Amino acid sequence: MPDTSDKSEAVDGAHVSNSGPLKLKKIRFSAFQHELNVQQRPVSYNGVISAIAPDKKRRRKRVKLRGIDMFRLLRPYVQVRFSDQVKAVLPLAIYLNLFQILILRQNISEPWVVMLGLIAIIAGLMMFMEGLKHGLMPFSESIGAILPAKSPLPVVLLVAMLLGIVVTLAEPAIGALQIAGAMIQPESAPYLYEILNHWSGMLVFVIGLGVGLAAVAGTLRFLYGLSLKPLICLALLPALFLSWQMAGDPYLAEMIGLAWDCGAVTTGPVTVPLVLALGIGIAGAAGKGGSPLSGFGIVTLASLFPVTGVLLLANHVAAVTSPDEIIAAAQATTRLVSEISWYEQSPMQEILAGLRAILPLVGFLLLVLYYLIGEKLRNASVTIYGISLCLIGMIVFSLGLTYGLTNLGSQSGSLVPATFSHIDSVTDSPLYLFGIGITVTALFAWFLGFGATLAEPALNTLGMTVENLTQGAFRKSTLIYAVSIGVGLGLTAGVLKVVFAWPLAWMLIPGYLLAAVLTLFSSEEFVNIAWDSAGVTTGPVTVPLVLAMGVGLGDAVSAMEGFGILAMASIGPILSVLATGLWIKWSVYRKRANEDIQTSLAAGETS
């Protein structure tokens, strides 16, 4: 046995000796976790076996499985993924059904169609998210890790911007904008009708361009360690100025809600992971990815940049056409179009939409991988499997969106005003006195926002990350409740805005100015967490539901438009988390001050 009686060595600056006490350098647990996860390469078990025993002559026997064996193997795999989507969809559906039956005293229209649509949403999201993990995510991770070594920085940034554009097409909630556009009446909101129906392709491009510019800004932030505070101010100023300028025009003012809602649409399950994987990969390749907060900020920028783009597009549309021309053209189109083309009808419309969403993204990633980087696709069979799941999942989800979530949200939104006013579709309306009805409507919106946020799986993940980053100062439960309360209050304010026709600009501008002031007084960690928390709450289920509910509510109360609810639901958690962060910071400061006072008193008594 070797002699170890008097040996010592230095390990990472810490002196380790058998004869003395062990002295180790303290590091954050989040930093330790980060170091464990970088520079890892997954190794296939089959590749290991082939390397150990490369016997080409020996033929492997195919394993024969019975039907029951296949079921037992696949059940836990499918069950976990299916239950994640059930937790996000089912509570909302149950809440809306119970509210409509018990409070509004109305039956669900076409309940079996709605139920099948909700099942399609759950199954479609399950397949899409699994395909995203195995098919599309490896693309961005490979490109982000290899591209900086083979291309100059301008080319890298160009790829990041183009990825932001094409990835927006694949966002599930983008289709909800076009569905909402079909519900807009040209006489009440001509510019809104024009952009959502005749400029929808340009609208998606402008949103994607905003995401692309956000990807460039986020990548530069990763590379040079820039603070998020000045980037937020630079992104906010033009958006708030354009909103203030457009608020004076009654026709342009109706576009403000759509523009700010588009910021919520972009922070979905496709855009953020793919763009984030590319940005962190680039930063890691440049040796700048060591910060635990590297991943924060991209969600914020991806939600702010498109707002300015959509506001500029609205001004352009207003410059080239007038409301009278839009209304006349819409009426002429209604008279001329007697039959909708086969490819514009369901289910072909959803199938084509799924193909347009996934195939351009896959084609772009393949072009970058093969021709710009010169690398082959690793684990091609698994990647093809993932892409196929993405495509099928997108189509099934779009079908479920049409028949399930949009249908249910539109029903609930159009019936809620029966609590305080008369609508033709509800007998004996108003169902309650005006004050009670308004209170019921506000409580409905608050519990919808609060419950939907609590059920969001991404928020639980963010909460665990935040608790690690702040070393337990900002607990997971504190963040979850702060965000949920903020979303509930924001959603309530958005619904009341539609009911009372409050100008959205005069709600958003003070709210974001207050958020900017709180940002200046907050630490960098809390700024990153607060601004990104708004994007976490707007998932592929919440966005189409709230959009449909808002448009239905606006139609029922004869409002010009029902947009802006998502925008208010986004500013709510930013304010609540920033305020909570400042309270935690003050509590920690007060605790340390008390400890210092007690230490000083104890030292005085000793002396």
Side-chain angles (χ1 to χ4, degrees), residues 124-125 127-147 155-178 200-216 218-219 262 265-282 298-299 302 306 350-373 375-380 382-398 401 539-540 543:
L125 272 179
M127 290 187 286
F128 182 83
M129 298 302 292
E130 188 67 9
L132 181 69
K133 177 181 177 182
H134 294 291
L136 295 179
M137 284 294 291
F139 269 117
S140 283
E141 291 172 355
S142 299
I143 292 171
I146 302 172
L147 184 62
V155 175
V156 173
L157 297 179
L158 178 62
V159 170
M161 186 174 70
L162 293 176
L163 176 64
I165 294 173
V166 297
V167 80
T168 305
L169 297 173
E171 196 61 63
I174 284 292
L177 287 176
Q178 298 171 343
S200 58
M202 181 58 68
L203 174 65
V204 174
F205 174 77
V206 168
I207 294 172
L209 183 62
V211 175
L213 293 175
V216 172
T219 302
C262 285
V265 170
T266 60
T267 54
V270 183
T271 303
V272 175
L274 289 181
V275 175
L276 187 59
L278 178 65
I280 292 180
I282 293 170
I298 192 70
V299 177
E350 287 80 11
I351 294 174
L352 293 177
L355 293 173
R356 285 196 300 265
I358 301 298
L359 294 184
L361 175 59
V362 174
F364 171 76
L365 293 173
L366 283 174
L367 284 175
V368 173
L369 190 65
Y370 277 96
Y371 295 101
L372 190 59
I373 298 179
E375 291 284 332
K376 292 184 178 180
L377 186 63
R378 298 175 182 175
N379 299 324
V382 176
T383 303
I384 293 172
Y385 161 75
I387 293 172
S388 301
L389 277 183
C390 275
L391 185 58
I392 297 171
M394 174 65 82
I395 294 171
V396 174
F397 174 80
S398 299
L401 196 64
V543 169

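The structure presented is a predicted model; accordingly, all values stated were derived computationally and were not measured.
Listed by chain and number, the residues in a side chain to side chain donor-acceptor pair (under 3.5 Å) with Tyr370 amount to none (sequence neighbours excluded). Residues satisfying the side-chain contact (heavy atoms from CB on, under 4.5 Å) criterion with Leu359, sequence neighbours excluded, are Leu355.
Cys390 and Gly131 get closest at one heavy-atom pair: SG-C, 3.2 Å. Across every non-hydrogen atom of Met127 and Leu389, the tightest pair is O-CB, 3.5 Å. The nearest pair of heavy atoms linking Phe364 to Val166 is CD2-CG2, 3.8 Å.
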Please report, to 0.1 Å, the donor-acceptor pairs under 3.5 Å made by any side chain of residues 202-216, with sequence neighbours excluded.
none

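The distance from atom CG of Leu132 to atom CE of Met394, rounded to the nearest 0.5 Å, is 9.5 Å. Here Met129 contributes atom CE and Phe397 contributes atom CZ; the two are 10.5 Å apart, rounded to the nearest 0.5 Å. Separating the CG atom in Leu361 from the OG1 atom in Thr168 is a distance of 9.5 Å, to the nearest 0.5 Å.
Of the candidates Val156, Leu367, Val155, Val155 is the only one forming a side-chain contact (heavy atoms from CB on, under 4.5 Å) with Leu372.
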Would you check, one step at a time, whether the test side-chain contact (heavy atoms from CB on, under 4.5 Å) holds for Leu369 with Leu365?
CA-CA 6 Å; Leu369 190 65; Leu365 293 173; over 6 Å; no
Tell me, with the steps shown, if Ile358 and Phe128 meet side-chain contact (heavy atoms from CB on, under 4.5 Å).
CA-CA 11 Å; Ile358 301 298; Phe128 182 83; 3.9 Å; yes
